[in-house]
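Sequential numbering from 1 along the given sequence is applied to the chain's residues. Here the structure is a predicted model, which means the values were calculated and not measured.
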Amino acid sequence: MNKKHFAVAVDGPSGAGKSTIAKAVAARLDILYVDTGAIYRTIGCYVKEKGVDPCDSAAVIALLPEIHVDMHYAEDGLQHMYLNGRDVTTEIRRNEISRYASDVSAIPEVRTHLLEMQRQFARESCVIMDGRDIGTVVLPDAEVKVFLTAPLEERARRRFLELEQRGTPRPYEDVLREMEQRDYNDSHRAAAPLRQAEDAVLLDTGDLSFEESLEAILAIIRKKVEA
Ligand code: DC
């Protein structure tokens, strides 16, 4: 089928369900799903391995030339991340990497370094891309923009269950505190902070099931483009 070229930008805080929903939308519409948080996580992973403080901008910037990030899609459609040729898809999901990713993502040079790579995906394919600044900075001309959110406690509860299912349980109170901290970091940094683009549609998934959220976002997309 000949599909019109379009991009869907999905932004929002962690735990709002961006990746699960965006992945399902991609499968339903047969378009590419790009998880941009995974790219920041890959940088965070390298910074941690090198024993560098992720808040030390100069030290992190000095590492950038030696970091090669690649992304490939496996048969199952899973986005695999490669750090200098090594598959780090599982590793980047570790809890401590979340903080490293959040800290390095506040460094403007890191963001600029990754900008072109993200835009390239949208040039080459119809995409649904999720992150924090997709609708505001990476793809300001995206045909569809959605700001996905949910109350903090609900997002922490989802993350808590996810960690449990993954076999790496953490106390709910810790998960809640870390999520609150990450929300603060991501929305208060000077460089491309998390915020809703003016032309984005707000979708609160707090009271919605997965299926309801999926249908809601598909309806938003269909209203804007012939998908
Ligand atoms: O979506 P995530 O939790 O995997 O993202 C990890 C971190 O990366 C998050 O704390 C903020 C940062 N990030 C960002 O700054 N911009 C993006 N487009 C995506 C993620």
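If you take CG on Asn185 and CD on Glu180, they are separated by 11.5 Å, rounding to the nearest 0.5 Å. Between the CE atom of Met81 and the CG atom of Asp35 there is a distance of 8.0 Å, given to the nearest 0.5 Å. Here the CZ-CZ distance, from Arg94 to Arg41, works out to 11.0 Å after rounding to the nearest 0.5 Å. Distance CD/Glu211 to CD1/Ile21: 10.0 Å, rounded to 0.5 Å. Annotation: the span from Cys45 atom SG to Ile97 atom CD1 amounts to 4.5 Å, rounded to 0.5 Å. Asp207 contributes atom CG, which lies 10.0 Å from atom OG of Ser213 (distance to the nearest 0.5 angstrom).
Across Glu153 and Tyr172, no two heavy atoms sit closer than the pair O-OH, 3.3 Å. Closest heavy-atom contact between Phe6 and Ile221: CE1-CG2, 4.5 Å. The two residues Tyr40 and Gln118 have their closest heavy-atom pair at OH-NE2, 4.0 Å. When all heavy atoms of Leu214 and Ala24 are compared, the closest pair comes out as CD1-CB, 3.8 Å. Across every non-hydrogen atom of Ala142 and Ala9, the tightest pair is CB-CB, 4.0 Å. Residues Ala16 and Ala150 approach most closely at CB-N, 4.4 Å, considering heavy atoms.
Formation of a donor-acceptor pair under 3.5 Å by the Tyr73 side chain with backbone atoms of Tyr33 is found in this model. The closest donor-acceptor contact from the side chain of Asp11 to the backbone of Asp133 lies under 3.5 Å. Without hydrogens or angle criteria, Lys18 side chain to Val10 main chain gives no donor-acceptor distance under 3.5 Å. Without hydrogens or angle criteria, His5 side chain to Ala122 main chain gives a donor-acceptor distance under 3.5 Å.
With a 6.0 Å radius and a threshold of 12 heavy atoms from other residues, nucleotides or ligands, Phe210 has its CZ atom above the threshold. The 12-atom threshold is exceeded at CD of Gln120, counting heavy atoms of other residues, nucleotides or ligands nearer than 6.0 Å.
We find that Arg158 and Glu154 are joined by a salt bridge, their nearest charged nitrogen and carboxylate oxygen being less than 4.0 Å apart. A salt bridge is absent between Glu143 and Lys4; no separation between the charged side-chain nitrogens and carboxylate oxygens falls under 4.0 Å. In summary, Glu116 and Arg123 engage in a salt bridge, as defined by a charged side-chain N under 4.0 Å from a carboxylate O. The residues Lys48 and Glu91 are annotated as not salt-bridged, no charged nitrogen and carboxylate oxygen being separated by less than 4.0 angstrom.
Hydrophobic cluster membership is shared by Ile107 and Met117, with clusters built from Ile, Leu, Val, Met, Phe, Trp and Tyr side chains linked at under 4.5 angstrom. Leu139 and Ile31 fall into different hydrophobic clusters, defined by Ile, Leu, Val, Met, Phe, Trp and Tyr side-chain heavy atoms under 4.5 Å apart, directly or through other members. By the criterion of side-chain heavy atoms lying less than 4.5 angstrom apart, applied directly or through intervening Ile, Leu, Val, Met, Phe, Trp or Tyr residues, Val47 is grouped together with Ile61 in one hydrophobic cluster. Under the 4.5 Å side-chain heavy-atom criterion for Ile, Leu, Val, Met, Phe, Trp and Tyr, Leu148 and Leu194 are members of distinct hydrophobic clusters. In terms of hydrophobic clustering, with Ile, Leu, Val, Met, Phe, Trp and Tyr side chains grouped at heavy-atom distances under 4.5 Å, Met129 and Ile39 are assigned to a common cluster.
Ser98 has its side chain within reach of Arg182: a pair of non-hydrogen atoms, C-beta onward, lies under 4.5 Å apart. Within the 4.5 Å cutoff, the side chain of Val201 has no heavy atoms near those of the Lys223 side chain. Inter-residue side-chain proximity for Ile134 and Val34 is flagged as unmet; no heavy-atom pair is nearer than 4.5 Å. Annotation: side chain of Ser57 is not in contact with side chain of Glu109 (no heavy-atom distance under 4.5 Å). Between Leu29 and Arg222, the closest side-chain pair of non-hydrogen atoms falls below 4.5 Å. In this structure, the side chains of Ile220 and Val8 stay at 4.5 Å or more apart for every pair of heavy atoms. Residues Asn95 and Glu178 meet the side-chain proximity criterion, which asks for heavy atoms closer than 4.5 Å. With contacts defined as side-chain heavy-atom distances shorter than 4.5 Å, the pair Val175/Leu163 qualifies.
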How far apart are the C-alpha atoms of Thr42 and Ile67, what are their side-chain angles, what is the distance that settles it, and do they pass the side chain to side chain contact (heavy atoms under 4.5 Å, CB included) test?
CA-CA 9 Å; Thr42 303; Ile67 307 179; 5.6 Å; no
Quick one, Glu215 with Arg28, criterion salt bridge (charged side-chain N to carboxylate O under 4.0 Å, His left out). Give me CA distance, side-chain angles, the key distance, then yes/no.
CA-CA 11 Å; Glu215 287 310 320; Arg28 191 75 86 82; 3.0 Å; yes
For Glu162 and Arg166: C-alpha separation, side-chain torsions, deciding distance, then whether salt bridge (charged side-chain N to carboxylate O under 4.0 Å, His left out) applies.
CA-CA 6 Å; Glu162 186 189 325; Arg166 214 179 271 167; 2.6 Å; yes
With side chain to side chain contact (heavy atoms under 4.5 Å, CB included) as the criterion, how do Arg132 and Ser14 come out once you've worked through the C-alpha distance, each side chain's angles and the decisive distance to 0.1 Å?
CA-CA 9 Å; Arg132 305 295 189 286; Ser14 45; 3.6 Å; yes
I would like to know whether Arg177 and Glu173 meet salt bridge (charged side-chain N to carboxylate O under 4.0 Å, His left out); could you show each step before the answer?
CA-CA 6 Å; Arg177 203 167 10 86; Glu173 287 306 319; over 6 Å; no
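A side chain to side chain donor-acceptor pair (under 3.5 Å) with Arg155 holds for exactly one of Asp183, Thr149, Thr205; it is Asp183. Remark: of the listed residues Val88, Asp70, Ile92, Ile43, Val88 is the sole one forming a side-chain contact (heavy atoms from CB on, under 4.5 Å) with Leu83.
Looking only at atom types and distance, the side chain of Ser105 has a donor-acceptor partner in the side chain of Arg189 under 3.5 Å away.
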